[in-house]
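Just so it is clear: chains get the letters A, B, ... in the order the sequence lines come, proteins before strands, and each one is counted from 1. Scope of the values below: all heavy atoms of this structure, side chains included, with no hydrogens, waters or symmetry mates.
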2 protein chains.
Amino acid sequence: MFSNTVEYALRAVAALAEDWERPHAVQKIAERTKMPNDYLAKVMQALCRAGVVRAIRGRHGGYQLAQAPEKLSLLDVINAVDPIKRIERCPLGLAGHGANLCPLHRRLDDAIRETENAFRFTTLGELLQSTGPVRPLCPIEPTGSLINVAL
Amino acid sequence: MFSNTVEYALRAVAALAEDWERPHAVQKIAERTKMPNDYLAKVMQALCRAGVVRAIRGRHGGYQLAQAPEKLSLLDVINAVDPIKRIERCPLGLAGHGANLCPLHRRLDDAIRETENAFRFTTLGELLQSTGPVRPLCPIEPTGSLINVAL
DNA sequence: ATTAAGCTGGACAAAGATGTCCGGTTGAGC
DNA sequence: GCTCAACCGGACATCTTTGTCCAGCTTAAT
């Protein structure tokens, strides 16, 4: 239901969120989140243009979140790379169907709206605070210890 | 959020639902739903293989719903052409993340599950029964009369 | 039997998403 | 001011989705 690019972008910001006041090189993020290095570079550029992350160029540079994790919603991230589009008007361009969607498109748009809201009100900060056996981007070691490596 | 193909499939079955006990030719459906004739042919074949519609071959043939509109859910149609995939396991393949999704993927899967349910419990019959100014596949004529032509 | 309507399915073209490659630019540290 | 790590961005390759074309098969009606 969500594009590959969205999945990548979310993994990347989740990785950045844990230590968001320092820049992280693309290569390091790619290793932690197990995705293609060069493709991630493109995704990060998109996130940067959208203002979700900030780029620090030059040696010891990298990307960092543009704001605190509590200020960034999952929707911000999703919309930066692959915007969720609501159904504003009748896709068939029918006369008289301005804001009045037919029952079919009304149901579709309702579902889209609910999805939008689910992500609008979830921040990166909340993901980090979640309690449970599995942490964001963190595999559980066979021994039971937690290593901060994956989503 | 939904593919073009899903939109087409839903339009097509909505068109069939209004007179579901007779076969309708692909060309007629394509005109009513304003989509490419030859592409619709492929979509109908997929719906047919999935058992959502039935094909009547030969002259005066066409497609008709395989069941009454009350028996067909929007999810049946969606899954026939572009199945909604839940997140069953950690996309990073991390050790220890069997059924335990990390907070990020848990939120994503929750959203997918809610979308699935929204469509699982909506039938084509309900769309037809909806009251409101705009009917499925029906443009409102400037004069105010209803013509059964579009979604 | 012949014809015409209409589905079937393969081949192919166009566009977008995904992924790779690489030379150029920036800026911290020496 | 030199060097090197790291971002920038264009070009290109590949795959999937979307869309088109067409010859062949099936069946109703005559």
Side-chain angles (χ1 to χ4, degrees), chain A residues 1-13 15-16 19 22-66 78-85 91, chain B residues 1-13 15-16 19 22-66 78-85 91:
Chain A
M1 202 164 87
F2 301 105
S3 71
N4 224 326
T5 303
V6 162
E7 163 79 21
Y8 287 161
L10 289 170
R11 281 192 214 173
V13 294
L16 291 183
D19 178 19
R22 286 194 303 152
H24 300 262
V26 166
Q27 193 180 338
K28 295 292 170 57
I29 305 172
E31 282 165 14
R32 275 200 52 189
T33 56
K34 299 197 200 301
M35 59 176 123
N37 198 309
D38 289 321
Y39 192 65
L40 174 59
K42 302 292 188 198
V43 174
M44 295 311 295
Q45 283 180 47
L47 289 171
C48 188
R49 278 191 291 269
V52 171
V53 302
R54 181 184 305 140
I56 315 287
R57 302 178 62 158
R59 202 176 180 184
H60 296 165
Y63 289 97
Q64 62 182 239
L65 295 188
I78 293 171
N79 280 342
V81 295
D82 195 358
I84 290 181
K85 286 185 284 290
Chain B
M1 201 164 85
F2 302 104
S3 72
N4 222 327
T5 303
V6 163
E7 162 80 21
Y8 287 162
L10 289 170
R11 280 192 215 173
V13 293
L16 292 183
D19 178 18
R22 285 195 302 152
H24 300 261
V26 166
Q27 193 180 341
K28 295 293 171 56
I29 304 171
E31 283 167 13
R32 275 200 52 188
T33 57
K34 300 198 199 303
M35 58 176 123
N37 198 308
D38 290 321
Y39 193 64
L40 173 60
K42 303 295 188 196
V43 174
M44 295 312 295
Q45 284 179 47
L47 290 172
C48 189
R49 279 190 291 270
V52 171
V53 302
R54 180 184 306 140
I56 314 288
R57 302 176 63 157
R59 200 175 180 187
H60 296 166
Y63 289 98
Q64 60 181 241
L65 295 189
I78 294 172
N79 280 342
V81 294
D82 195 358
I84 291 181
K85 285 185 284 290

Please list, chain by chain and in numerical order, all residues satisfying side-chain hydrogen bond (donor to acceptor under 3.5 Å, both in side chains) with A:D19, sequence neighbours excluded.
A:R22
Under 4.0 Å from OP1 or OP2 of C:dG9: is there any side-chain N or O of B:Q45 that close?
yes
Nearest whole Å is fine: how far is C:dA17 C1' from A:D82 CG?
10 Å
Would you give the length of the straight line joining atom OG1 of B:T5 to atom CD1 of B:I78, rounded to the nearest 0.5 angstrom?
12.0 Å
Can you check the B:M35 CE to D:dT20 P distance for me, whole Å?
13 Å
Between P of C:dG6 and CD of B:E31, the distance in whole Å:
11 Å
Between C:dG6 atom P and B:Q64 atom CD, what is the distance in whole Å?
14 Å
Listing, residues 43-57 of chain B side-chain donor-acceptor contacts under 3.5 Å, not counting sequence neighbours, or none:
residue, atom, partner, partner atom, Å
B:R54, NH1, B:Q64, OE1, 3.0
B:R54, NH2, B:A66, O, 3.0

Between B:N4 and A:R49, who's closer to the 5' end of DNA chain D by nearest nucleotide?
A:R49
For nucleotides 20-30 of chain C, just jot down a letter per nucleotide in 5' to 3' order: B, S or -, based on protein non-hydrogen atoms under 4.0 Å.
BB---BBBBS-
Would you say a side-chain N or O of B:T5 is under 4.0 Å from OP1 or OP2 of D:dT17?
no
Rounded interatomic separation in angstrom, taking CD from A:E7 and P from C:dA17:
17 Å
Whole-Å gap separating P (D:dT20) and CE (B:M44):
17 Å
How many Å lie between NZ on B:K28 and P on C:dA5, as a whole number?
11 Å
At less than 4.0 Å, is any side-chain N or O atom of B:S3 found next to OP1 or OP2 of D:dT17? Yes or no.
no
A:Q27 CD to D:dC4 P: how many Å, rounded?
17 Å
Tell me which nucleotide among D:dA6, C:dC7, D:dC8 gets nearest to the side chain of B:A25.
C:dC7
Between CG of B:L10 and OG1 of B:T33, what distance do you get to the nearest 0.5 Å?
11.5 Å
In chain order, what residues pass the ring-ring contact (aromatic ring centres under 6.0 Å, His included) check against A:Y8, with sequence neighbours excluded?
A:Y39
Contacts of A:K85 meeting side chain to side chain contact (heavy atoms under 4.5 Å, CB included) (sequence neighbours excluded), chain-then-number -> none
Suppose we screen for side-chain hydrogen bond (donor to acceptor under 3.5 Å, both in side chains). Which residues come up paired with A:D82, at least two apart in sequence or across chains?
A:S3
Quick one: is C:dG19 close enough that its OP1 or OP2 comes under 4.0 Å of any side-chain N or O from A:Y8?
yes
